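Data block below; observations after.
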Amino acid sequence: MIPKGVSLNPNSRKTRFARRFICALSQMRNPRPVSSSNEEEVRKRSHKIKIAAYLSMARAVGSRRAWSRALLFKLRTRARRHNIMIGRRSLCLKKKRVIKNDPLGELSQTNKLRHLVPGGKTMDMCSLLEETAHFVTCLATQVKVMQTIADHFAK
């Protein structure tokens, strides 16, 4: 009997994502245990897990989708910038989110969607909707795989 949510196809998106994500997590292992009192260390580790999940998802999809290309590009440039800034940690300022006031009241729904989908700012409406649908299905797959891993280790 096959467990629920497990695919028989080794080339499915879910299987490719799970394989890459588990590999990324195993490379992230830290020999010393995380102390629960150190919030900064926990925050850094959760950020690394988030990046590993996005990177694994984008690589599992490949360069066929605009959102995966945009996500891979974004993560690659962040990694390069991080390597350059390591020596100058005290000089770099954290990026702050700025909430812009729209004179008409709110941003249009399309613009909100463009900000949510990686690479959405350069897409036309039809491509944006198609890429959004694919991105949402990939996020759902990511959640299922991560839930399965969490359930496995919770036992």
Side-chain angles (χ1 to χ4, degrees), residues 4-7 9-29 34 39-86 88-89 91-154:
K4 184 179 179 181
V6 174
S7 174
N9 184 1
N11 294 324
S12 73
R13 181 175 47 228
K14 184 186 274 189
T15 306
R16 287 192 317 260
F17 167 71
R19 191 177 309 127
R20 290 171 196 263
F21 183 59
I22 290 172
C23 181
L25 288 178
S26 67
Q27 291 174 355
M28 195 184 309
R29 285 190 120 162
V34 177
E39 291 178 19
E40 182 67 20
E41 192 173 331
V42 171
R43 188 189 63 76
K44 283 181 182 179
R45 184 170 287 193
S46 65
H47 182 70
K48 286 180 182 180
I49 291 170
K50 177 183 172 183
I51 289 173
Y54 278 131
L55 193 59
S56 301
M57 183 175 61
R59 285 186 177 156
V61 170
S63 61
R64 292 173 293 197
R65 295 293 185 169
W67 68 262
S68 66
R69 288 191 304 270
L71 195 56
L72 289 170
F73 179 76
K74 182 179 180 180
L75 292 173
R76 228 179 284 129
T77 54
R78 272 191 185 170
R80 281 190 207 127
R81 193 177 328 127
H82 177 70
N83 288 338
I84 291 170
M85 295 291 187
I86 277 182
R88 299 179 276 165
R89 174 77 57 190
L91 297 177
C92 63
L93 300 173
K94 287 190 175 182
K95 185 178 176 182
K96 293 181 181 178
R97 287 189 182 214
V98 178
I99 300 173
K100 297 178 182 177
N101 290 331
D102 190 10
L104 300 175
E106 277 190 34
L107 291 173
S108 70
Q109 296 295 322
T110 306
N111 285 339
K112 288 180 183 179
L113 189 59
R114 287 185 195 282
H115 284 82
L116 290 174
V117 178
K121 293 176 184 174
T122 60
M123 293 180 209
D124 62 273
M125 186 60 175
C126 184
S127 299
L128 178 65
L129 292 175
E130 185 179 331
E131 292 291 324
T132 301
H134 191 265
F135 184 60
V136 168
T137 59
C138 287
L139 286 174
T141 301
Q142 181 182 17
V143 168
K144 288 176 187 173
V145 168
M146 294 174 91
Q147 185 64 49
T148 304
I149 292 170
D151 290 344
H152 176 75
F153 285 107

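Treat the numbers as computed from the prediction; the structure is a model and nothing was measured.
Taking CZ of Arg45 as the start and CD1 of Ile49 as the end, the distance is 7.0 Å to the nearest 0.5 Å. Summarising the geometry, atom CG belonging to Leu113 is positioned 7.0 Å from atom CE belonging to Met125; distances are rounded to the nearest 0.5 Å. Interatomic distance, SG of Cys138 versus CD of Glu131, reported as 9.5 Å (0.5 Å rounding). The CG atom of Leu55 sits 9.0 Å away from the CZ atom of Arg76 when rounded to the nearest 0.5 Å. For the atom pair CZ (Arg43) and CD (Glu39), the distance works out to 10.5 Å, reported to the nearest 0.5 Å. Note that CZ of Arg16 is 8.5 Å distant from CZ of Arg19, once rounded to the nearest 0.5 Å.
The shortest distance between side-chain heavy atoms of Gln27 and Cys23 falls below 4.5 Å. Side-chain atoms of Thr132 and Leu116, non-hydrogen and from C-beta on, never get closer than 4.5 Å to each other. With a 4.5 Å cut-off on side-chain heavy atoms, Met123 and Leu129 do not count as touching. Counting heavy atoms from C-beta outward, Arg13 and Thr137 have side chains that approach closer than 4.5 Å. Between Arg114 and Asn111 the shortest side-chain heavy-atom distance falls below 4.5 Å.
Within the 3.5 Å criterion, the main-chain N or O of Phe73 finds no donor-acceptor partner in the side chain of Arg78.
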Return a table of donor-acceptor pairs under 3.5 angstrom between the side chains of residues 62-71 and protein atoms on other chains or two or more places apart.
{"unit_1": "Arg64", "atom_1": "NE", "unit_2": "Val61", "atom_2": "O", "d": "3.1"}
{"unit_1": "Arg64", "atom_1": "NH2", "unit_2": "Val61", "atom_2": "O", "d": "2.7"}
{"unit_1": "Arg65", "atom_1": "NH1", "unit_2": "Glu130", "atom_2": "OE2", "d": "3.4"}
{"unit_1": "Trp67", "atom_1": "NE1", "unit_2": "His134", "atom_2": "ND1", "d": "3.0"}
{"unit_1": "Ser68", "atom_1": "OG", "unit_2": "Gly62", "atom_2": "O", "d": "2.4"}
{"unit_1": "Ser68", "atom_1": "OG", "unit_2": "Arg65", "atom_2": "O", "d": "2.9"}
{"unit_1": "Arg69", "atom_1": "NH1", "unit_2": "Ser63", "atom_2": "O", "d": "2.6"}

Set out, in order, the CA-CA distance, both residues' side-chain angles and the distance that settles side chain to side chain contact (heavy atoms under 4.5 Å, CB included) for Met57 and Phe21, then state yes or no.
CA-CA 8 Å; Met57 183 175 61; Phe21 183 59; over 6 Å; no
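A salt bridge does not link Glu41 with Lys44: every distance from a Lys NZ or Arg NE/NH1/NH2 to an Asp or Glu carboxylate oxygen is 4.0 Å or more.
For Ser127, the side chain to side chain donor-acceptor pair (under 3.5 Å) criterion is met by Asp124, not counting sequence neighbours.
The list of side chain to side chain donor-acceptor pair (under 3.5 Å) pairs with a residue in residues 52-62, not counting sequence neighbours, is empty.
The shortest non-hydrogen separation linking Pro118 to Phe135 is CD-CZ, 3.7 Å.
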